[in-house]
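Below, read A as the first sequence line, B as the second, and so on, with proteins coming before strands; counting in each chain starts at 1.
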2 protein chains.
Amino acid sequence: MISQAVQDYLKSIYKLQQENPDDSVSTTDIAKDLDVSGASVTGMIKRLDTMGMVDYSSYKGVKLTEKGEKVALEIIRFHRLIETYLKEMLGFPLDKIHDEACRLEHHISEEFIERINKLLGEPKFDPHGHPIPSKDGTIIEYEEKPLSEIEPGGEYYISRLSDTDQKLLAYLELMNLMPNIKIKVIDKAPFKGPITISYNGSEKIIGNEVASNIFVKIQ
Amino acid sequence: MISQAVQDYLKSIYKLQQENPDDSVSTTDIAKDLDVSGASVTGMIKRLDTMGMVDYSSYKGVKLTEKGEKVALEIIRFHRLIETYLKEMLGFPLDKIHDEACRLEHHISEEFIERINKLLGEPKFDPHGHPIPSKDGTIIEYEEKPLSEIEPGGEYYISRLSDTDQKLLAYLELMNLMPNIKIKVIDKAPFKGPITISYNGSEKIIGNEVASNIFVKIQ
DNA sequence: CAATAAAATTAATCAAATCTAAATATTTTT
DNA sequence: AAAAATATTTAGATTTGATTAATTTTATTG
């Protein structure tokens, strides 16, 4: 059996690897992400290495092996399907689904996942706009940019909301700034100033900080 | 935080106490129920005692305190609501819900439980016929007897199916021998012989072993 | 009621996952 | 390129929950 701790480490390494695909992942980054000490990470990573989940050599960081990535994607599949289910079928608000899914993802059976996947109509994206890996571990990739980097003019679709700040998510849901909404940047004040956007037939002004957590599909 | 292990011990003690309300619960019984060594039970029970969850004195067995019983009933509430939800909303077969609920009960939030409780219409019984404790810890009690001890004649309602043997549960579901079904004992062969029953407009013959896992409401 | 069997406890270990403090590498800065 | 700063690892300890083996207590039985 793969313990919850092992699953959490693999998920974290996968995430950090995605954010920075060229470098290997440092123990400090993992420690920060999981909020544990660096020493704990070194210890766990040695275990993951002997388990064949990561490639590791002292002071050089880690990379997931194919096996490790497969396990990570399975957990991410579970996480995102549970999130989608909590939102769509149980009516959870957007800012509550991440934490709940983080706990449940480790304890739900394959059968449970298959049932909710069917009930949801085999969704391809979770409520934040993250792609849901398929059962065989393939995951949709697409180009996106934070709204804060988009110049005025042109229409875009919101692809994804960052799910790290739950309070911000609650605000975005309230504003109806959700994935698949068509959006236009009307004006962008300099020096990280406020951004005027138009969507759902009306204009709104949001801060740069908020806009940097909204991603839009490009091309 | 109350650990999963602590929750499991309290649940087990509650169950054993229900089965035999006069005696205190022995460490051996707990060990058997949880499939751990007797030494582990002694260790944990000392902890539960210092936590104020049980009353314990060496070689004399344990009894839940009011506090311990309250925690046990909370977990049982979670367990039974999850079971009901798995059956009613996700279409799980009767023999799969217990194990899944046993894992999930420790990791689901109060909010999740409240939402499914509402969606299910605040059910009073789970699919096996166990009463679901209310939020404040009250639980419906009623008189019942195993079908194997019922003499021919008279009509009864199935109140509960024993949920220990999952294969047997699958058989009972197949036979449509479910809680709230009206049933009549037509004939009972001596020496734990087969029992002829009538329900849903037809007659069936079942073994004594099977009948001893079906309980009917009396009075 | 003493001998034996069964139940329960104690003692000593183990494993997973964590921590702090100290030591060692690596990177950055001057 | 040496000094300083940062990152990483090692060493040793802790907690939780489990184990086996040995011992002690309680219950049974001839």
Side-chain angles (χ1 to χ4, degrees), chain A residues 1-14 16-17 19-20 22-64 68 71-72 75 102-103 105-107, chain B residues 1-14 16-17 19-20 22-64 68 71-72 75 102-103 105-107:
Chain A
M1 245 302 281
I2 294 169
S3 73
Q4 177 168 343
V6 168
Q7 293 181 350
D8 283 334
Y9 274 88
L10 293 174
K11 203 173 59 158
S12 172
I13 296 166
Y14 181 88
L16 296 167
Q17 222 164 250
E19 287 171 9
N20 216 334
D22 303 328
D23 300 344
S24 61
V25 178
S26 74
T27 51
T28 316
D29 288 347
I30 300 168
K32 268 182 205 147
D33 188 55
L34 294 178
D35 196 28
V36 294
S37 73
S40 301
V41 175
T42 304
M44 176 58 96
I45 267 171
K46 283 178 170 176
R47 266 181 60 209
L48 293 178
D49 191 35
T50 59
M51 289 166 80
M53 296 291 187
V54 299
D55 284 329
Y56 166 68
S57 55
S58 273
Y59 297 100
K60 303 279 180 181
V62 280
K63 267 197 170 121
L64 289 178
V71 176
I75 307 158
C102 268
R103 276 176 287 112
E105 66 193 13
H106 306 292
H107 306 286
Chain B
M1 245 302 282
I2 294 169
S3 73
Q4 177 168 344
V6 168
Q7 293 181 350
D8 283 335
Y9 273 90
L10 292 174
K11 203 172 58 156
S12 172
I13 296 166
Y14 182 89
L16 295 167
Q17 222 164 247
E19 287 173 8
N20 217 332
D22 303 327
D23 301 345
S24 61
V25 178
S26 73
T27 51
T28 316
D29 288 348
I30 299 168
K32 266 181 206 148
D33 188 55
L34 294 177
D35 197 27
V36 294
S37 72
S40 303
V41 176
T42 303
M44 176 57 95
I45 268 172
K46 283 178 172 176
R47 266 181 60 208
L48 294 178
D49 191 35
T50 58
M51 289 166 80
M53 296 291 188
V54 299
D55 285 327
Y56 165 68
S57 55
S58 274
Y59 297 101
K60 305 279 180 178
V62 281
K63 265 195 171 122
L64 290 178
V71 176
I75 308 156
C102 268
R103 275 176 287 112
E105 65 192 13
H106 306 292
H107 306 286

Can you tell me the distance, in whole Å, between the CG atom of L34(A) and the C1' atom of dT18(C)? 12 Å
Considering only heavy side-chain atoms of M44(A), the closest of dT18(C), dT10(C), dT9(D) is dT18(C)
Student check: side-chain heavy atoms of V62(A) and I30(A) closer than 4.5 Å: yes
Hey, does K46(B) reach any base, or is it just sugar-phosphate, or nothing, if we go heavy atoms under 4.0 Å? sugar-phosphate
Any base atoms under 4.0 Å from S40(B), or only sugar-phosphate, or nothing? Heavy atoms, all strands. base
In whole angstroms, how far is the C1' atom of dA16(C) from the CE atom of M51(A)? 12 Å
Separation of dA7(C) atom P from D33(B) atom CG, nearest Å, is 16 Å
Checking all strands, does S37(B) fall into the base, sugar-phosphate, or nothing category for heavy-atom contacts under 4.0 angstrom? base
Select base, sugar-phosphate, or nothing to describe what S58(A) touches, counting heavy atoms under 4.0 Å on all strands. sugar-phosphate
What is the distance, to the nearest angstrom, from the CD1 atom on I45(A) to the C1' atom on dA7(D)? 13 Å
Interatomic distance, CD1@I2(A) vs OH@Y9(A), rounded to 0.5 Å, equals 15.5 Å
I need the S40(B) OG to I45(B) CD1 distance, nearest 0.5 Å. 11.0 Å
Look for any protein N or O under 3.5 Å of an N or O in nucleotides 21-25 of chain D and output each such pair with its distance, or none.
{"unit_1": "dT25(D)", "atom_1": "O4'", "unit_2": "Y59(B)", "atom_2": "OH", "d": "3.4"}

Mind calculating the distance between CG (D8(A)) and P (dA16(C)) to the nearest angstrom? 17 Å
Can you tell me the distance, in whole Å, between the CD atom of Q4(B) and the C1' atom of dA16(C)? 15 Å
Return whichever of Y9(A) or V41(B) has its heavy-atom-nearest nucleotide of DNA chain C closer to the 5' end. V41(B)
Mark yes or no for whether Q7(A), through its side chain, and H106(A), through its backbone, hold a donor-acceptor pair below 3.5 Å. no
Just the rounded figure in Å: distance from C1' of dA7(C) to OH of Y56(B). 11 Å
Atom CG of L48(B) and atom P of dT9(C) are separated, to the nearest Å, by 13 Å
Pair L16(A), N20(A) - check side chain to side chain contact (heavy atoms under 4.5 Å, CB included), show working. CA-CA 6 Å; L16(A) 296 167; N20(A) 216 334; over 6 Å; no
Side-chain donor or acceptor of T42(A) paired with backbone N/O of T27(A) under 3.5 Å: no
D8(B), L48(B), V41(B) screened by side chain to side chain contact (heavy atoms under 4.5 Å, CB included) with I13(B), the one that passes: L48(B)
